[in-house]
Protein chains: 2
Amino acid sequence: MAIRQTKQKRVILGVLEKAGRPMSPQEILSSAQQDVPLLSLATVYRVIRGLEADGTIVPVSIPGESARYETHLKAAHHHHHFHCERCSRVFDVPGCGLRVDAHLPGGYRITRHEVMLYGSCIECAATS
Amino acid sequence: MAIRQTKQKRVILGVLEKAGRPMSPQEILSSAQQDVPLLSLATVYRVIRGLEADGTIVPVSIPGESARYETHLKAAHHHHHFHCERCSRVFDVPGCGLRVDAHLPGGYRITRHEVMLYGSCIECAATS
DNA sequence: TCGCTAATAGTAATGTATTAGCAGTAGGAG
DNA sequence: CTCCTACTGCTAATACATTACTATTAGCGA
């Protein structure tokens, strides 16, 4: 039989669509548990794997932490990310301030790049 | 008594100074074992911790992999990194092509940024 | 050179993120 | 409505990087 629609899947995707930022499996779990209290982390991972496989969501990897995920729609527009060092949440930064490099020694073949900004997000900066 | 000079420490630091790029603990181990064949990974980590603590070396973190380390001298000049997706080695990219962002919504406080370029290094690109 | 003890090698243990296994639950085709 | 089986929740297992532990080795001050 084919893949089934379940409440868990609907809620998890809904969480990602409503969130204005990439979320970690744990964040997704916490948020989705408001609708499905018994939701388990294993299910979050399973659903994420499926959504990533069919291209509905895209991973945003971060050094030292688990990946965040955002919807394919968001990812369609080239952009980068801001990582708050206090609350560890990740936010989207529209556009790309990278001047494609004259600096790299020749011979290297660049296929993509990531820019990560670090600092304090609005909320955390306010609570300084 | 104070900290002691050992062959292991000398060799490990030497490896990092001679290498033109940030290295992972495993890479450091392999390279250093040419001089100290019995060197153990535990010692590499211990020495790294010490060198990082006193500021002699600086970590370069990478999503999904263990951190690389480079000497404080290299790190002194603002630069970024290139990560070869075939051999997974990391190389330095002199300078910074980032135009400091007009795009970020106000209120965020940026303290630093990382730019990671991905693709194939010279050697791997040649072996395509 | 001697002796104290920091440092090492080797290995077991730890921490953490992700996955597998399994019995029970619930989509959805017929 | 029924039945088949994909999906779920739970927990144990895995993978991995990093650290702790311990007997042994080797800096280095006297």
Side-chain angles (χ1 to χ4, degrees), chain A residues 1-16 22-54 56-70 83 85 87-90, chain B residues 1-16 22-54 56-70 83 85 87-90:
Chain A
M1 191 182 290
I3 290 174
R4 289 177 187 168
Q5 263 317 311
T6 66
K7 181 164 190 183
Q8 288 83 347
K9 290 181 187 173
R10 259 176 278 124
V11 169
I12 289 174
L13 183 53
V15 163
L16 284 173
M23 297 179 84
S24 69
Q26 277 294 346
E27 287 176 314
I28 294 170
L29 177 66
S30 304
S31 180
Q33 279 181 334
Q34 297 181 343
D35 293 306
V36 185
L38 291 185
L39 184 64
S40 85
L41 187 55
T43 297
V44 173
Y45 275 106
R46 268 187 300 245
V47 173
I48 283 176
R49 218 187 313 165
L51 292 174
E52 184 179 354
D54 69 26
T56 306
I57 63 175
V58 171
V60 177
S61 42
I62 300 172
E65 302 196 29
S66 44
R68 311 302 157 100
Y69 295 87
E70 64 186 347
H83 186 190
E85 292 181 311
C87 66
S88 86
R89 288 184 298 178
V90 175
Chain B
M1 193 182 289
I3 290 175
R4 290 177 188 169
Q5 261 321 309
T6 66
K7 182 164 190 184
Q8 288 83 348
K9 289 181 186 173
R10 258 176 279 126
V11 168
I12 289 174
L13 184 54
V15 163
L16 285 172
M23 297 180 85
S24 69
Q26 278 292 348
E27 288 176 314
I28 295 171
L29 177 67
S30 304
S31 180
Q33 279 180 333
Q34 297 182 344
D35 293 307
V36 186
L38 291 185
L39 184 64
S40 86
L41 186 56
T43 297
V44 173
Y45 275 106
R46 263 187 305 247
V47 172
I48 284 176
R49 218 187 313 164
L51 292 174
E52 184 180 353
D54 67 27
T56 305
I57 63 176
V58 172
V60 177
S61 41
I62 300 173
E65 302 195 30
S66 44
R68 312 302 157 100
Y69 294 87
E70 64 186 346
H83 186 190
E85 292 181 312
C87 65
S88 86
R89 288 184 300 178
V90 175

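Heavy-atom basis, side chains included; hydrogens, waters and symmetry copies ignored. Within every chain, numbering begins at 1; the chains are lettered A, B, ... in the order of the sequence lines, protein sequences first and strands thereafter.
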Which one, D/dT19, C/dA6, D/dC4, comes nearest to the side chain of B/Y45? D/dT19
Counting only side-chain heavy atoms from C-beta out, which of C/dG27, C/dT8, D/dA17 sits nearest to B/T43? C/dT8
Options D/dC28, C/dG28, C/dA7, nucleotide nearest the side-chain atoms of B/Q5: D/dC28
Quick one: A/R4 CZ to D/dC3 P, roughly how many Å, whole number? 15 Å
B/P59 versus B/Y69: any side-chain heavy-atom pair under 4.5 Å? yes
Would you mind classifying the nucleic acid contact of A/R49 as base, sugar-phosphate or nothing, using non-hydrogen atoms under 4.0 angstrom? sugar-phosphate
Rounded to whole Å, how long is the line connecting atom CG of B/L39 with atom P of C/dA7? 15 Å
Tell me: CD1 of A/I48 to P of D/dT8, nearest whole Å? 12 Å
Nearest to the side chain of A/S40 - C/dG10, D/dC10, D/dT18? D/dC10
Side-chain contact check for A/L38: nearest option of D/dG9, D/dT8, C/dG10 is D/dG9
Please give, in whole Å, the distance from C/dA20 P to A/R46 CZ? 10 Å
Tell me the interatomic distance from B/K9, atom NZ, to D/dA26, atom C1', rounded to whole angstroms. 12 Å
Phosphate contact (D/dG9 OP1 or OP2) by A/Q8 side-chain N/O below 4.0 Å: yes
Between C/dA20, C/dG10, C/dA6, spot the one nearest the side chain of A/A42, thanks. C/dA20
Candidate nucleotides D/dC4, C/dT11, D/dA17, ranked by approach to the side chain of B/S66 - the nearest: D/dA17
Specify the angle, to 10°, made by the local axes at the two ends of the helix from C/dT1-D/dA30 to C/dG30-D/dC1 when five pairs are taken at each end. 40°
Could you tell me if the side chain of B/S66 sits less than 4.5 Å from the side chain of B/Q26, heavy atoms only? no
Only counting residues at least two apart or in another chain, list the ones meeting side chain to side chain donor-acceptor pair (under 3.5 Å) with A/E85. B/R112
Interatomic distance where CD1 belongs to A/I3 and C1' belongs to D/dT8 [whole Å]: 15 Å
Between atom CD1 of A/I48 and atom CG of A/L16, what is the distance when rounded to the nearest 0.5 Å? 7.0 Å
A/R68 to A/E27 - nearest heavy-atom pair and separation: NH1-OE1, 4.0 Å
Quick check against the 3.5 Å criterion: does B/K9 have a side-chain atom that pairs as donor or acceptor with the backbone of B/R4? yes
Identify which nucleotide among D/dT18, D/dC10, C/dT18 has an atom closest to any side-chain atom of A/L41, counting heavy atoms from C-beta outward. C/dT18
Integer-rounded Å distance: D/dA17 P and B/E27 CD: 12 Å
Distance check needed: C/dA17 P versus A/E65 CD, whole Å only. 9 Å
B/P25 or B/K7: which one's nearest nucleotide on DNA chain D is closer to the 5' end? B/P25
Comparing B/V47 and A/R10 on DNA chain C - which has the more 5′ nearest nucleotide: B/V47
Can you name the nearest heavy-atom pair linking A/L29 to A/L41, along with the distance? CD1-N, 3.9 Å
OP1, OP2 of D/dA26 versus side-chain N and O of B/T6: anything below 4.0 Å? no
Which heavy atom of B/H83 sits nearest a heavy atom of B/S88, and at what distance? NE2-O, 3.4 Å
